[in-house]
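Quantities reported herein were computed from a predicted structural model and do not represent experimental measurements. Order of listing sets the numbers, starting from 1, for every ligand and every atom in it.
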Amino acid sequence: MRILVTGGLGFIGSHLIRRLLREPQVAVENVDVLTYAGNLANVQDLESDPRYTWHRVSVTDAEALDKILSAHAFDAVMHLAAESHVDRSIASGLPFVETNVLGTQTLLEVSRRHGVRRVVHVSTDEVYGTLGAEGLFVEDSPIQPNSPYSASKAGSDLLALAAYQTYGQDVVVTRCSNNYGPYQFPEKLIPLWITNGLEQKPWPIYGDGLNVRDWIYVEDHVEGLWLALNRGRAGHVYNFGSRNERTNRQVAEDLLKILQLPPETVVQVPDRLGHDRRYAIDPSKAEQELGFQAQVGWDEGLERTVNWYQEHRDWWEAVKSGAYLDYYRRQYQHLEAHRK
Ligand code: NAD
Ligand code: DAU
């Protein structure tokens, strides 16, 4: 089974590739253009596997994608490449529209041209917008995104569903809640706080800190993606989550305890513009139809995550200092020279 994964040098994509390669019959080609969020160190352990190949190609580049898909028949495309950070999208939405909207449409069209059997489009619970104190997002909740990031993801999600309706293209869309775990870029809440804690730096908390997120351990999400690929119904949407709602203040309390830091570590800063108040996922459809079941509880997941950042100081220090970009230059400069 040959699978093309996009965004495989990022946080979730690298976990997904590791999961896919546990299946002996699977070969993976990773299309990732290596933006600031991509990191070759995330897949260093996979690089020697003959079933793994990386292409430094953007999902907006139809010609380059055509070449990759002409070389082999692919059973599936699993599309994760995206600009993914809400705060960056508030600074400028343009790269978000380019990669998330234009890139997704490009990938859908190329996949269709080459007869790819199935496309799994990895969307997000943020397309539903925000909840009040009650209720859960279900698959047919209204699409009401509030940030440039989530609006661009909603655009790509709807384009994927439109490809199914218009052409009968086999597309499955997944919408997952907030992930956490190893290899997450330390601009996102949990790795930012853990690494700041390890450096004796403060933890910025936006506004009153009572916004709620529904946290899932990343390995549970990628297991769900594998199930969606194999058992999902074409044209269907599946929500993934682990019924684990926490306010940001609760996340802070739990992390302070593990890291044995004082409450003064947490410092209130101005709120994010248009900050969504609450996300909460109902994963019943994925549980019933796909057999999805989140396995890693919050205490265990947080403990594992903190341990990983404690044991991989070299990884996150290189990311925070920008030195991680040198890894590419060292390992791949011969390729660059060859291209010139
Ligand atoms: P990430 O930012 O860690 O990784 C994104 C990857 O995509 C990077 O490796 C980057 O180099 C690559 N990329 C960006 N633009 C590209 C382009 N034009 N062409 C090719 N590659 C490109 O993101 P993540 O947190 O791993 O999220 C992966 C996907 O999952 C995204 O689609 C995101 O919307 C979705 N998602 C994330 C979460 C979460 O909590 N992180 C939850 C639900 C869904
Ligand atoms: O819900 C899924 C989404 O989760 C994904 O689609 C996104 O790609 C991913 O980035 C994430 O979005 P959030 O905006 O929820 O995640 P973030 O880690 O940026 O913030 C989590 C919460 O913490 C949110 O309420 C904002 C708050 N926050 C964040 C940062 C970075 C702070 O209070 N302080 C911070 O420094």
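Among all non-hydrogen protein atoms, the one lying nearest atom 12 (O) of ligand 2 is E126 OE2, 2.7 Å. The protein non-hydrogen atom at the shortest distance from atom 43 (C) of ligand 1 is C176 O, 3.4 Å. In this structure, atom 20 (C) of ligand 1 lies nearest to the protein heavy atom V33 N, 3.3 Å. For atom 10 (C) of ligand 1, the closest non-hydrogen atom of the protein is T35 OG1, 3.3 Å. In this structure, the protein non-hydrogen atom closest to atom 19 (N) of ligand 1 is V59 N, 3.0 Å. For atom 19 (O) of ligand 2, the nearest non-hydrogen atom of the protein is R272 NH2, 2.9 Å. The protein atom (non-hydrogen) at minimum distance from atom 8 (C) of ligand 1 is D32 OD2, 3.5 Å. In terms of protein heavy-atom proximity, atom 44 (C) of ligand 1 is nearest to S123 O, 3.1 Å. The nearest heavy-atom contact from the protein to atom 1 (P) of ligand 1 is S84 OG, 3.6 Å. Nearest protein neighbour of atom 42 (C) of ligand 1, counting heavy atoms only, is S177 O, 3.4 Å. Annotation: atom 18 (O) of ligand 2 to nearest protein heavy atom, L189 N, 2.8 Å.
The pair R2-E29 meets the salt-bridge criterion, since a charged nitrogen lies less than 4.0 angstrom from a carboxylate oxygen. In this structure, R88 does not pair ionically with E83, as no charged nitrogen and carboxylate oxygen lie closer than 4.0 Å. Under the 4.0 Å criterion applied to side-chain N and carboxylate O atoms, D170 and R117 are not assigned as salt-bridge partners. Here E245 pairs with R278 in a salt bridge; the nearest charged N to carboxylate O distance falls below 4.0 Å.
Atoms of ligand 2 found under 4.0 Å from any heavy atom of P204, numbered from 1 in the order shown, are 32 (C), 33 (O), 34 (N), 35 (C), 36 (O). Those atoms of ligand 2 that come under 4.0 Å of a heavy atom in Y149, given as number and element, are 5 (C), 6 (O), 7 (C), 8 (O). Close approach of ligand 2 to E187 (heavy-atom distance below 4.0 Å) involves ligand atoms 31 (C). Ligand 2 places these atoms under 4.0 Å from at least one heavy atom of D125: 1 (O), 2 (C). Interface atoms of ligand 2 facing V86, defined by a heavy-atom separation under 4.0 Å, are 14 (O). Interface atoms of ligand 2 facing Y279, defined by a heavy-atom separation under 4.0 Å, are 1 (O), 15 (O). Every atom of ligand 2 is numbered from 1 in the order shown, and the set under 4.0 Å from a heavy atom of K188 is 10 (O), 18 (O). Set against the non-hydrogen atoms of H85, the atoms of ligand 2 under 4.0 Å away are 19 (O).
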(message) Assess the residue pair R277 and D208 against the criterion (salt bridge (charged side-chain N to carboxylate O under 4.0 Å, His left out)); give the C-alpha distance rounded to whole Å, side-chain angles, the decisive distance to 0.1 Å, and a yes or no.
(response) CA-CA 11 Å; R277 194 64 172 167; D208 63 9; 2.8 Å; yes
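Heavy atoms of N100 found under 4.0 angstrom from ligand 1: none, in either backbone or side chain. Only the side chain of K153 comes within 4.0 Å of ligand 1, judged by heavy-atom distances. Only side-chain heavy atoms of L192 come within less than 4.0 Å of ligand 2; its backbone N, CA, C and O stay farther off. Of the heavy atoms in Y279, none comes closer than 4.0 Å to ligand 1.
Heavy atoms only, all atoms of each residue included: T99 and T60 are closest at CA-CG2, 4.3 Å. Heavy atoms only, all atoms of each residue included: N146 and G129 are closest at ND2-CA, 3.7 Å. Contact record, Y309 with P182: OH-C, 4.1 Å, taken as the closest heavy-atom pair.
Any N or O atom pair closer than 3.5 Å counts here, and W193 shares no such pair with ligand 2. An N or O contact shorter than 3.5 Å links L80 to ligand 1 by distance. An N or O contact shorter than 3.5 Å is missing between N211 and ligand 2 by distance. At under 3.5 Å, not a single nitrogen or oxygen of S177, backbone or side chain, sits near a nitrogen or oxygen of ligand 2.
Under 3.5 Å, the side chains of H55 and K67 contain no donor-acceptor pair of N or O atoms. For the residue pair S123/D157, the side-chain donor-acceptor check at 3.5 Å is satisfied. No side-chain donor-acceptor contact under 3.5 Å links Y149 and E126. Side chains of R246 and N244: a donor-acceptor N/O pair is present below 3.5 angstrom, by distance only.
At a 4.0 Å cut-off, not a single heavy atom of Y180 sits close enough to ligand 1 to count as contact. Taking a 4.0 Å cut-off on heavy atoms, H275 registers as neighbouring ligand 2. W203 does not count as a contact of ligand 2, since none of its heavy atoms falls under 4.0 Å from the ligand.
One option in V267, V127, V251, N248 has a heavy atom closer to atom 22 (C) of ligand 2 than any other, and that option is N248. Here the shortest heavy-atom distance to atom 37 (C) of ligand 1, taken over L102, I12, T124, belongs to I12. Of the candidates F185, Y206, Y128, it is Y206 that places a heavy atom closest to atom 28 (N) of ligand 2.
More than 12 non-hydrogen atoms from other residues, nucleotides or ligands lie less than 6.0 angstrom from CD of Q25.
Taking the six-membered ring where tryptophan is involved, the planes of W308 and H312 are essentially parallel, since the angle between them stays under 30° and well short of 60°. Ring planes of H121 and H79: tilted class, angle from 30 to 60°. Ring geometry, Y279 versus F137: the interplanar angle falls from 30° to 60°, so the pair is classed tilted.
Within the 4.5 Å cutoff, side-chain heavy atoms of F240 are placed close to those of L225.
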